[in-house]
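Note that the numbering runs from 1 along the sequence shown for the chain.
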Amino acid sequence: MPDSRIVKVHKKIVELISVNFAAGYSGFDMTGRVIRGSTIDPPYQPFSSVQFEQAISNYGPTLDRYFFNGVYNIYAFVGGSTLDERFDNATNLASDMIEALTTNRQLGLPGEVDDVLCSFTAIDGAKYGLDNMGISYINVTVKCVTSTGA
């Protein structure tokens, strides 16, 4: 049974950020450290989860087409011994992930995805009881034009 567009994109986002960023800003190897879904307490670090948030449809350019946005959230957890180090690590990992996602603005899914837009922030995990961790939050909006609105 084929996957829906939402599931295909969800899997693709995980695939694109589950790589070794040794040559990137962060230097983190995220291979095998990214899951689909969410978790309250990361089992190790670095670690990341990708959660589907919502799908928003709107009237399209013609009667038989819809604009469609799939919204996904990426949470990435990294260590650091100081506040500055945690913030830098979280920001650098978010930057690596965004570059991985926007290198091909169709996420490598032509005909399924028209464009991708990422927004992000980085915070100290201590704010949420995760001492010695930095957290990146990346909001990913995937734009599509479909005949069904899904």
Side-chain angles (χ1 to χ4, degrees), residues 1-80 86-125 128 130 133-150:
M1 181 179 243
D3 288 330
S4 68
R5 182 183 316 259
I6 290 293
V7 173
K8 286 180 194 175
V9 170
H10 200 183
K11 288 178 177 179
K12 190 63 165 184
I13 290 171
V14 170
E15 175 189 323
L16 292 171
I17 65 172
S18 296
V19 298
N20 189 341
F21 294 113
Y25 302 109
S26 69
F28 290 118
D29 184 356
M30 297 304 293
T31 307
R33 293 177 169 266
V34 182
I35 65 164
R36 292 176 57 220
S38 63
T39 182
I40 300 297
D41 193 14
Y44 44 80
Q45 59 79 30
F47 176 81
S48 186
S49 63
V50 181
Q51 176 186 10
F52 168 66
E53 182 180 319
Q54 66 179 342
I56 304 166
S57 294
N58 209 330
Y59 301 105
T62 60
L63 195 54
D64 63 342
R65 306 296 282 168
Y66 295 89
F67 290 118
F68 172 84
N69 288 334
V71 182
Y72 302 83
N73 296 316
I74 300 171
Y75 299 92
F77 304 89
V78 295
R86 290 188 294 274
F87 175 78
D88 291 351
N89 288 345
T91 302
N92 286 333
L93 182 56
S95 296
D96 285 338
M97 289 179 169
I98 290 169
E99 284 192 8
L101 293 170
T102 59
T103 295
N104 177 326
R105 298 294 290 258
Q106 293 180 316
L107 299 177
L109 297 170
E112 299 279 342
V113 172
D114 294 323
D115 205 352
V116 61
L117 180 67
C118 298
S119 303
F120 81 100
T121 191
I123 57 173
D124 185 22
Y128 298 99
L130 298 172
M133 278 197 192
I135 304 171
S136 308
Y137 166 75
I138 306 169
N139 180 266
V140 182
T141 302
V142 178
K143 297 178 96 37
C144 311
V145 176
T146 73
S147 59
T148 63

*Asks:* Between atom CG of Asn92 and atom OH of Tyr25, what is the distance when rounded to the nearest 0.5 Å?
*Replies:* 8.5 Å
*Asks:* Please report the closest heavy-atom contact between Asp41 and Thr39, naming both atoms and the distance.
*Replies:* O-OG1, 3.3 Å
*Asks:* Does any non-hydrogen side-chain atom of His10 lie less than 4.5 Å from one of Tyr72?
*Replies:*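 SC-SC contact between Tyr72 and His10 confirmed.
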*Asks:* Are the side chain of Arg86 and the backbone of Asp124 linked by a donor-acceptor contact shorter than 3.5 Å?
*Replies:* no
*Asks:* Indicate yes or no for a side-chain donor-acceptor contact from Asp114 to the backbone of Val145 under 3.5 Å, with no hydrogens or angles considered.
*Replies:* yes
*Asks:* Less than 4.5 Å apart, any side-chain heavy atom of Met133 and any of Pro42?
*Replies:*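 Sidechains of Pro42 and Met133: in contact.
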*Asks:* How far apart are the closest heavy atoms of Cys118 and Ile138, and which atoms are they?
*Replies:*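 Where Cys118 meets Ile138 most closely, the heavy atoms are CB-CG2, 4.2 Å.
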*Asks:* Please say which of Lys8, Lys11, Lys12 ends up in a salt bridge (charged side-chain N to carboxylate O under 4.0 Å, His left out) with Glu112.
*Replies:*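 For Glu112, the salt bridge (charged side-chain N to carboxylate O under 4.0 Å, His left out) test succeeds with only one of Lys8, Lys11, Lys12, which is Lys8.
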*Asks:* Ignoring hydrogens and geometry, is there a side-chain-to-backbone donor-acceptor pair from Arg36 to Val50 under 3.5 Å?
*Replies:* no
*Asks:* Roughly how far apart are Asn69 CG and Ser57 OG, rounded to 0.5 Å?
*Replies:* 8.5 Å
*Asks:* Any non-hydrogen side-chain atom of Ser48 less than 4.5 Å from a side-chain atom of Ile74?
*Replies:* yes
*Asks:* If we only count heavy atoms from C-beta on, is the Asn89 to Phe28 side-chain gap below 4.5 Å?
*Replies:* yes
*Asks:* Nearest heavy-atom pair of Pro46 and Met30: which atoms, and what distance?
*Replies:*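 That closest heavy-atom pairing would be CB-SD, 3.6 Å.
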*Asks:* Walk me through whether Glu53 and Asn139 qualify under side chain to side chain contact (heavy atoms under 4.5 Å, CB included).
*Replies:* CA-CA 9 Å; Glu53 182 180 319; Asn139 180 266; 4.1 Å; yes
*Asks:* Judged by atom type as modelled, is there a donor-acceptor pair below 3.5 Å linking the side chain of Gln45 to the main-chain atoms of Gly79?
*Replies:* yes
*Asks:* Would you call Tyr128 and Ile40 a side-chain contact if the rule is heavy atoms closer than 4.5 Å?
*Replies:*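 When only atoms from C-beta onward are counted, Ile40 and Tyr128 do not touch, as no gap falls below 4.5 Å.
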*Asks:* CZ/Phe21 to OG1/Thr31 distance, rounded to the nearest 0.5 angstrom?
*Replies:*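 The distance works out to 8.5 Å.
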*Asks:* Given side chain to side chain contact (heavy atoms under 4.5 Å, CB included), test Ser26 with Val78 step by step and report yes or no.
*Replies:* CA-CA 10 Å; Ser26 69; Val78 295; over 6 Å; no
*Asks:* Under 4.5 Å between any side-chain heavy atoms of Val7 and Phe52, yes or no?
*Replies:*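 Val7 does not reach Phe52 side chain to side chain.
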*Asks:* Give a yes or no on whether Tyr59 atom OH has more than 12 heavy-atom contacts from other residues, nucleotides or ligands under 6.0 Å away.
*Replies:*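 Incorrect, the count does not exceed 12.
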*Asks:* Measuring from atom CZ of Phe77 to atom OG of Ser49, what distance do you get when rounded to the nearest 0.5 angstrom?
*Replies:*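 Answer for the CZ-OG pair, Phe77 versus Ser49, is 5.5 Å.
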*Asks:* Quick check for you: to the nearest 0.5 Å, what is the distance between Asp115 atom CG and Leu107 atom CG?
*Replies:* 9.0 Å
*Asks:* I need the Met97 CE to Leu93 CG distance, nearest 0.5 Å.
*Replies:*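 Taking CE in Met97 and CG in Leu93, the distance rounds to 4.0 Å.
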